[in-house]
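A quick write-up on the structure given underneath.
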Amino acid sequence: MIDWDDVRYFLAAARGGSVRAAAKRLAVNHATVLRRIAQLEDRLGAQMFEKLPSGYRLTAAGEEVLEFANQMEASSHQLETRVLGRDQSVRGLLRVTLPPFLATHLLMPDIADFARLHPDIEMEIVSTGEVVNLTNREADVAIRMVSNRKTLPLNLHGLKGPDLLAGVYMSRDRLAAWRAGAPDPIRPIVIGGQALPDWVDQGEVRATGVPFRTPDADAQIDAARQGIGMTKLPCFVGDADHLLAKVPGIDLKSPATIWLLTQGETRKTKRVRLFTEFISYRLAAYAPLLAGRSIDAAERPVPTPQMG
């Protein structure tokens, strides 16, 4: 019989285009990937890859195997989630992914409350702006800021939360200096390789010059505090920061909505149900803050009673 682990290594190399990429993805060394692929080739009696200067290319046999390997992977994930869905224990691992803004500026106290209510649940928080694949069990629950509902994958179960508005913010001191006639350029601040935003040509204060790029949300906020320029932030972040002021005259018209996403049988586990119920309650209480109608983040919701 074919060893599923060998197939996993083959899939990683096929998707990554090289043994190096497969080794990095699977957190193993180069030799392990080569050995696993060789075992699969010996079992099937065919060569899976051609080694080229640009990387690994599937042979005709490899292309055929890839189709069935994808089916094997999908069946494996379906089996795991089906069994997991029957797990009604409160003990065990719960992986939650959410954007850094929501993690550090809003929900971490609530997640801490949940962890205190359920000390037997092992929490793993993945704070990232990248889209984590729930189908591949990279997380159990995803909390996402979604601008267009149609972009949500059809295979995910979505629980709609409050709308979230954003604004453009800059340092209060820098805004006061601009009003006093300071000639220094006010640069647009963006994360990573984001394109120059549309709002640079709007409002009373115009962002000029080359963008100032930051690696993450925390650096983005700090750059704005330091008076480097102006940047787009969720209102619940910008309004609550006393060092920042909303740039007058810019009206961002595309609010996002917070969604709690789960997948298939996974959402039926007790750990996932408890968490989504708890966080959806907390998010509902934050609706005014998220919509930019309140800046009093100190008035957090009272802890919910433990749900059975």
Answer yes if [X] and [Y] sit in the same cluster of Ile, Leu, Val, Met, Phe, Trp and Tyr residues linked by side chain heavy atoms under 4.5 Å apart, and no otherwise.
{"X": "I228", "Y": "L233", "result": "no"}
{"X": "V190", "Y": "Y169", "result": "no"}
{"X": "I189", "Y": "V200", "result": "no"}
{"X": "F212", "Y": "L244", "result": "no"}
{"X": "V19", "Y": "L58", "result": "yes"}

Are any of the side-chain heavy atoms of [X] and [Y] separated by less than 4.5 Å?
{"X": "V237", "Y": "I221", "answer": "yes"}
{"X": "L106", "Y": "L289", "answer": "yes"}
{"X": "L102", "Y": "I143", "answer": "yes"}
{"X": "F275", "Y": "M123", "answer": "yes"}
{"X": "V141", "Y": "T97", "answer": "no"}
{"X": "L26", "Y": "R8", "answer": "yes"}
{"X": "E204", "Y": "I250", "answer": "no"}
{"X": "R273", "Y": "T269", "answer": "no"}

Keeping [X] on the side-chain end and [Y] on the backbone end, is there a donor-acceptor pair under 3.5 Å?
{"X": "R172", "Y": "H242", "result": "yes"}
{"X": "R271", "Y": "L93", "result": "yes"}
{"X": "Q47", "Y": "F49", "result": "yes"}
{"X": "D222", "Y": "D218", "result": "no"}
{"X": "R187", "Y": "P211", "result": "yes"}
{"X": "E41", "Y": "M48", "result": "yes"}
{"X": "S18", "Y": "Y56", "result": "no"}
{"X": "T276", "Y": "V272", "result": "yes"}
{"X": "R213", "Y": "G192", "result": "yes"}
{"X": "R206", "Y": "D201", "result": "yes"}

In sequence, state the C-alpha distance, the side-chain angles, and the governing distance for R15 and N70, and then conclude on side-chain hydrogen bond (donor to acceptor under 3.5 Å, both in side chains). CA-CA 11 Å; R15 290 167 178 169; N70 283 324; 2.8 Å; yes
Tested for side-chain contact (heavy atoms from CB on, under 4.5 Å) against P188, the lone hit among V168, L196, V210 is L196
Nearest 0.5 Å please: distance from the [atom1] atom of [X] over to the [atom2] atom of [Y].
{"X": "L261", "Y": "L159", "atom1": "CG", "atom2": "CG", "value": "9.0 Å"}
{"X": "I111", "Y": "R116", "atom1": "CD1", "atom2": "CZ", "value": "11.5 Å"}
{"X": "D140", "Y": "T262", "atom1": "CG", "atom2": "OG1", "value": "9.5 Å"}
{"X": "R144", "Y": "L260", "atom1": "CZ", "atom2": "CG", "value": "11.0 Å"}
{"X": "D163", "Y": "I258", "atom1": "CG", "atom2": "CD1", "value": "9.0 Å"}
{"X": "L34", "Y": "Q39", "atom1": "CG", "atom2": "CD", "value": "11.5 Å"}

Test side-chain contact (heavy atoms from CB on, under 4.5 Å) applied to L40 and Y9, step by step: CA-CA 9 Å; L40 182 62; Y9 284 83; over 6 Å; no
Of the non-hydrogen atoms in C235 and A166, which two are nearest, and what is the gap between them? SG-C, 3.7 Å
Could you report the tightest heavy-atom contact between V33 and A22, atom names first, then the distance? CG1-CB, 4.0 Å
Determine, for D241 against R225, whether the closest basic-nitrogen to carboxylate-oxygen distance falls under 4.0 angstrom. yes
Apply side-chain hydrogen bond (donor to acceptor under 3.5 Å, both in side chains) to Q220 and T231, showing your working. CA-CA 8 Å; Q220 174 193 10; T231 194; 2.8 Å; yes
Run the side-chain contact (heavy atoms from CB on, under 4.5 Å) test on D113 and R282 for me, step by step, so that the C-alpha distance in whole Å, both residues' side-chain angles and the decisive distance to 0.1 Å come before the verdict. CA-CA 11 Å; D113 284 344; R282 293 296 178 92; 3.1 Å; yes
Passes side-chain contact (heavy atoms from CB on, under 4.5 Å), M230 versus V205? Steps please. CA-CA 9 Å; M230 47 205 278; V205 185; 4.2 Å; yes
Should L66 and F10 be marked as a side-chain contact (heavy atoms from CB on, under 4.5 Å) after you check the CA-CA gap, both sets of side-chain angles, and the distance that decides it? CA-CA 8 Å; L66 179 62; F10 163 76; 4.2 Å; yes
Report, as yes or no, whether the 6.0 Å neighbourhood of atom [atom1] on [X] holds more than 12 heavy atoms from other residues, nucleotides or ligands.
{"X": "D198", "atom1": "CG", "value": "no"}
{"X": "R35", "atom1": "CZ", "value": "yes"}
{"X": "E63", "atom1": "CD", "value": "yes"}

Taking the six-membered ring for Trp, are F236 and Y286 ring centroids under 6.0 Å apart? no
